[in-house]
Structures are given as C-alpha cells and as structure tokens.
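Residue numbers start from 1 in every chain, and the chains themselves are labelled A, B, ... in the order their sequence lines are given, proteins ahead of strands.
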Amino acid sequence: MATDNNRFQAIISHCKEYGFIFPSSEIYDGLGAVYDYGQWGSELKKNIKDHWWKSMVQMHENIVGIDAAIFMHPTTWKASGHVDNFSDPMIDNKDSNKRYRVDHLIEAKADELEKEGQQEQSEILLKEMDTLLAANDFDGLKTLIENNKINCSVSNTCNWTDVRQFNLMFSTEFGAVSSEEEENKIYLRPETAQGIFVNFLNVQKTGRMKIPFGIAQIGKAFRNEIVARQFIFRMREFEQMEMQFFIRPGTQKQWYEHWKAERMKWHLGLGIPAEKYRFHDHVKLAHYADAACDIEYDFPIGFKEVEGIHSRTDFDLKNHQEYSKKKLQYFDNDIDPATGKPFGNYIPYVVETSIGVDRTVMMILSEAYEEQDLSTDEKKDSRVVLKFPARFAPIKLAILPLVKKDGLPEIARTIMEDCMGHFRCFYEEKDTIGKRYRRMDAIGTPFCVTVDHQSKEDNTVTIRYRDTMLQERIPIDKIREIVLKAI
RNA sequence: GCGGAAGUAGCUCACCUGGUAGAGCGACAGCUUCCCAAGCUGUAGGUAGCGGGUUCGAGUCCCGUCUUCCGCUCCA
C-alpha cells in the first residue's frame, strides 16, 4: 500500500501542477475538503458528465432529465428523513475516542436501570433527556450524563467531551433580512434525489411518462463530513449524477438487478478492466432502502465506492405525499395479467442509480495516470502520460508547427481554424517538438499533428499518437475526421 | 479527536554547530533546431506559512497558531 499511496500523492500533485484540480481558496490556506477544478479539470469533468447524460438520457427513450434548484422547501428534508436522522447531538469519550449519539447513550443507560428494577429512575432519566433535547441544552445533557455516571462501554470511564451537534446538512438563511427565526432557515440539499421526487408528478404529467420511466439529474450536493480527507473523494461540496427509476410496486427486485447490470456495463464501457471493479452489497441499509449496493473501483487507496444502486421502495414519494398532503400517485391503465384488470392507482417504487462526478473524475485520473521509463542505453528518459479515453481528454488535438518560420505556423493556423469549432484544440509553437509532445502527454491530449516542410509540398502532416508515441503521415484534410471518429 | 512528521522561488530541494537566501527543473523573451524532455543567451520570481519571544543579529533556538501529509479513530 505504501507505493500505492505514493502513486496517489503523485496524482494529486500532477493534478495541481497541470491545471486539473486546486485546493479551494488556497491563498487563504485553503478550505477543508473543498477543491476547485482548473482549466483542464473542468474540461475533463464536463466530458464525463456529457458522456453520462448521453448514455442515460439520450440513449433511453423512457428517461428524461431535469435540473432542480439546490434550495428546497425545508419540509423536504423532514420528509426525506435527513433532519431527524442526521442532526443528532454527539459526544466523544476522551479515553476511548469513541463517538456516541447522546440519545443512544442515555437510552442505553435507561434500559440498564430498567433491567435492574429501577423503573422510576429510568423514566425520570428519559424525561429529563427529552426536555433537554427539545431545548437543545447541550451543557445540560452533558451534566445529565455525568450525574448519572454513564460510562463509555469501551473505556469504562466517564471522561466526556462537550456535547456537539453533528449537522449533515449545511443551513443558510433564506431571505434578505437576517433573523433569528427558525423558519428562515433552509438547507443546501444533501442529495439531488429529492429534487426529482418533488417534481415526480410535474414530469410524469407534462412529459406523459408511462411507468416504468426514469428522471435523471446532474447537480451539486453538500454534506458536512466527519472526516474530510482523501482529495476529491470526499468533499463537502460535490456533484452527483443520478437517475430515479419509477416502477410498479413488487417489481423492485427485478429492476434493481437490471440497473446493477446496466451500470456495471457502463463502467466497463469506459475501458476500465473488470478486475478493477466489484460490487459491495449493503448489509446495514439506509432508512429508505430495501436493497442497496455500491460499485467500487480499485483506487490507489484501495477499493472505494464510486456509484450506489439503491432500491428506495416508495419511502420518499410516500413521505412527500404525507407531508405535502398532495397525492403523488400514478394511475396505471395497463392490464395486470394476473387479474385481468388495470393495475390502478399506486405510489411508484423507485430504483436509484447515483454516481459521484468527482469520484468518477478521480477514477478516470487514477486509471489514466502512468509514469513511463523510456530510457535507452544512450540516454535516460521518462514521461508522465494521462491515457484518457479520447472522449474524456480535455484537449483532443494539439497543432504544432515544427518550426515557427517558413510559413509553417500559417499552415498550422488554418488547421486550427478548421478544427476548433468541432473539438478542443491547442496551438503551440514554442520549444522543441519533443518538449511539446511531452507537455501534451502530461495533460492527456490523444493526438498531435505536426506541420513540417513537406506539408507545404503535399498537404500532409504527421499525426502522433499519445499512447504509442507512433507517428504516421496523413493528409491535412483527414485530420478532423480522424479525431472526430476517436471521440 | 489523538499521536507523529513537514511547511524556504511555480515544482523538487540545499543553506552543516544562529551572521542579513542558493541550485536544478519549470516559466518568459530570443537564438539554434526538419519529429519525442534536460543545446546556447538573457529576464522575471522568495519580507523562508503566520504571530510572538530569546539575541547585537534567526530560515536556523524557544513558544503559540494555521496548513498539509502519515498512522489510529470516525464514516451518516
């Protein structure tokens, strides 16, 4: 793992040095677990998103996309379970460094008291806890723990930190006038999915969508992380590409398996070998799921989750229906072969595929990054090359006059004019040709064409391939076609 | 959160036991060059993370602080 970690660090350095990814607000010492995409990183990321969108939306007649706002009505997060499940006061034991939810800790003590026959004591304890929790009285909660001599089960001591609130969600104030009032508080979405659920009927009706159908979305989400490390793998502000697939109740198992297989096919289609992937089935399921798994990729830091496939049941739509008092149901006219009657009215079940954009970027980078030793007997030589699939490369084509005189730049410029409207090109006339090739390797440009004196005679150039470093002579008017075919 | 290490030019690093900062690469300008980095000339770039202390004098010693990396913990 030690060398793998070096590889991981090398990739991070390379990303910064070659304009892919910078730490956020670096001139102010950075902002924890937030990163900015630079000139080439943003191109790479955009290409990945475009590819996903194309394969999920464009290639499926029954899937459409939306772009919901990041701000949502606060009740959304009550309905989704995010408020209740992820904003509990926590406390750490200083000796064992074990972290507990305060309510769990106290409830366990109450259970214990009850078992010992101290029914009354137990009830008093729980009642006090409820009062303090309702009042957000953290000092009081700590005192309660200490007074009742509640020990950590690992260290068996009562040496506790202060009670702190763990907030999964970022909150902000809605409205220009600042106020202490709670009702002005709204959250930055911690997942994009809810924007799809609250628009379920809008899309279904206006798009005349028939079950089974999907709604896709690419967008930012925000979560406070307990530990924030590992580069862009775990960020506070991140981007998701997800699709919620609405289905008949009872068919969830079959669709879950379908999307598991489909999504893995997509991953293998990136040119990444199968042994770099594995499924990881969730044993402990989130509050909304009846089956869930991750697709994990073998990063330099080990196998880690890139994508999640969840069978979310009707949890979300059912809760939104309850909280909003609006019917979120689908009328299914199709005939059920089992009964000979229409399926009728129901809240659809949902299978979700959710892939992290930033994690995919990191996966593509990890897969592409290669340090090569090109030494011969005469001379030591090496290069760093990013072997991106051509469709993801930030720059598709570099156009290089061999020397910057004798009319060569002029010819190169006409090639530039011809190609720049079709894909990202880069023109460069500085330095020796070898140096320019290597610079392009470092940012993963798949093709370089070089204009030389022969170009003036017969309108040909040499095209040089990034991965093999081989060159061949091609007519100038074929360049565009060759690159377009590859991307 | 705890423990360890490190923070000097864009990058990698040097300055040994305190005396007012240097190299290579890179960048830029030019020369040379007819196909794979490290040929020649020139230029720019650092108040040594930040704050304080000791000292005649600190990058170099001491304290604090911030950031990063490694390990443990945590991971909804």
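Rounded to whole angstrom, the span from the OH atom of A:Tyr28 across to the C1' atom of B:rC66 amounts to 15 Å. In this structure, A:Ile301 places its CD1 atom 15 Å from C1' of B:rG71, rounding to the nearest Å. The separation between A:Ile12 atom CD1 and B:rC11 atom P is 15 Å, rounded to whole Å. In this structure, NZ of A:Lys16 is placed 14 Å from C1' of B:rG26, rounded to the nearest angstrom. Rounding to whole angstrom units, CZ of residue A:Phe447 and C1' of B:rC35 are separated by 18 Å. B:rG10 atom P lies 16 Å from atom OH of A:Tyr18, rounded to whole Å. As rounded to whole Å, 13 Å separates atom C1' of B:rG30 from atom NZ of A:Lys405. Spacing between atom CD of A:Glu17 and atom P of B:rA27 amounts to 10 Å, rounded to whole angstrom units.
Distance check on atom C1': B:rC16 versus B:rG59 gives 14 Å, rounded to whole Å. Comparing B:rC50 with B:rA27, their C1' atoms sit 28 Å apart, to the nearest whole Å. Look at the P atom in both B:rG64 and B:rC75: the space between them is 32 Å, to the nearest Å. Taking atom C1' on both nucleotides, B:rA58 is separated from B:rG18 by 6 Å, rounded to a whole Å. Atom name P, nucleotides B:rU43 and B:rA23: the rounded distance is 13 Å, in whole Å. Nucleotides B:rA6 and B:rU12, compared at atom C1', are 15 Å apart to the nearest Å. Distance noted for atom C1' between B:rA14 and B:rG71: 29 Å (whole Å). Rounded to a whole angstrom, the distance from the C1' atom of B:rA21 to that of B:rA48 is 8 Å.
If you check B:rC36, B:rU33, B:rA37 against the side chain of A:Arg438, the one that comes closest is B:rC36. Among B:rC35, B:rC11, B:rC34, the nucleotide with an atom closest to any side-chain atom of A:His453 is B:rC34. Taking every side-chain heavy atom of A:Ser382 into account, B:rA37 is the closest of B:rA37, B:rC34, B:rC11. You'll find that the side chain of A:Arg234 is closest to B:rC75, out of B:rA37, B:rU33, B:rC75. The A:Val403 side chain lies nearest to B:rU33 when the options are B:rU33, B:rC35, B:rC36. Here B:rA27 is the nucleotide among B:rC35, B:rC36, B:rA27 with the atom lying nearest to any side-chain atom of A:Arg439.
The closest donor-acceptor contact from the side chain of A:Glu242 to the backbone of A:Ala193 lies under 3.5 Å. A distance-only check finds a donor-acceptor pair linking the side chain of A:Gln217 to the backbone of A:Thr192 [under 3.5 Å]. In terms of modelled atom types and a separation under 3.5 Å, the side chain of A:Arg466 and the main chain of A:Leu386 share a donor-acceptor contact. When atom types are taken as modelled, the side chain of A:Asp373 and the backbone of A:Ser375 share a donor-acceptor pair closer than 3.5 angstrom. When atom types are taken as modelled, the side chain of A:Ser366 and the backbone of A:Met362 share a donor-acceptor pair closer than 3.5 angstrom.
Geometrically, A:Arg359 does not engage A:Tyr297 in a cation-pi contact, judged by NZ or CZ lying under 6.0 Å from the ring centre and within 45° of the ring axis. In this structure, A:Lys45 satisfies the cation-pi test against A:Tyr37, with its NZ or CZ atom closer than 6.0 Å to the six-membered ring centre and inside 45 degrees of the ring normal. Cation-pi geometry between A:Lys260 and A:Phe279 is met: the NZ or CZ atom falls under 6.0 Å from the ring centre, inside 45° of the normal.
The nearest heavy atom of RNA chain B to A:Val451 and to A:Ser13 marks one nucleotide each, and the one closer to the 5' end goes with A:Ser13. Across the interface with RNA chain B, nearest-nucleotide mapping of A:Leu402 and A:Gln9 shows A:Leu402 to be the residue nearer the 5′ end.
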Q: Represent RNA chain B in dot-bracket notation, 5' to 3'. Only Watson-Crick or G-U wobble pairs with both distances under 3.5 Å count; pseudoknot-style crossings use [ ] and interstrand partners use |.
A: (((((((..((((........)))).(((((.......))))).....(((((.......))))))))))))....

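No hydrogens or angles considered: nothing links the side chains of A:Arg464 and A:Gln471 as a donor-acceptor pair under 3.5 Å. Judged by distance alone, the side chains of A:His82 and A:Gln194 never bring a donor and an acceptor atom under 3.5 Å apart.
Salt bridge A:Arg473/A:Asp452: present, at least one basic N to carboxylate O contact under 4.0 Å.
Residues of residues 426-436 of chain A having a heavy atom closer than 4.0 Å to RNA chain B, listed by number: A:Lys430, A:Ile433, A:Gly434, A:Lys435.
Counting distance only, with no hydrogens placed and no angle test, the side-chain atoms of A:Arg383 and the base atoms of B:rC36 include no donor-acceptor pair under 3.5 Å.
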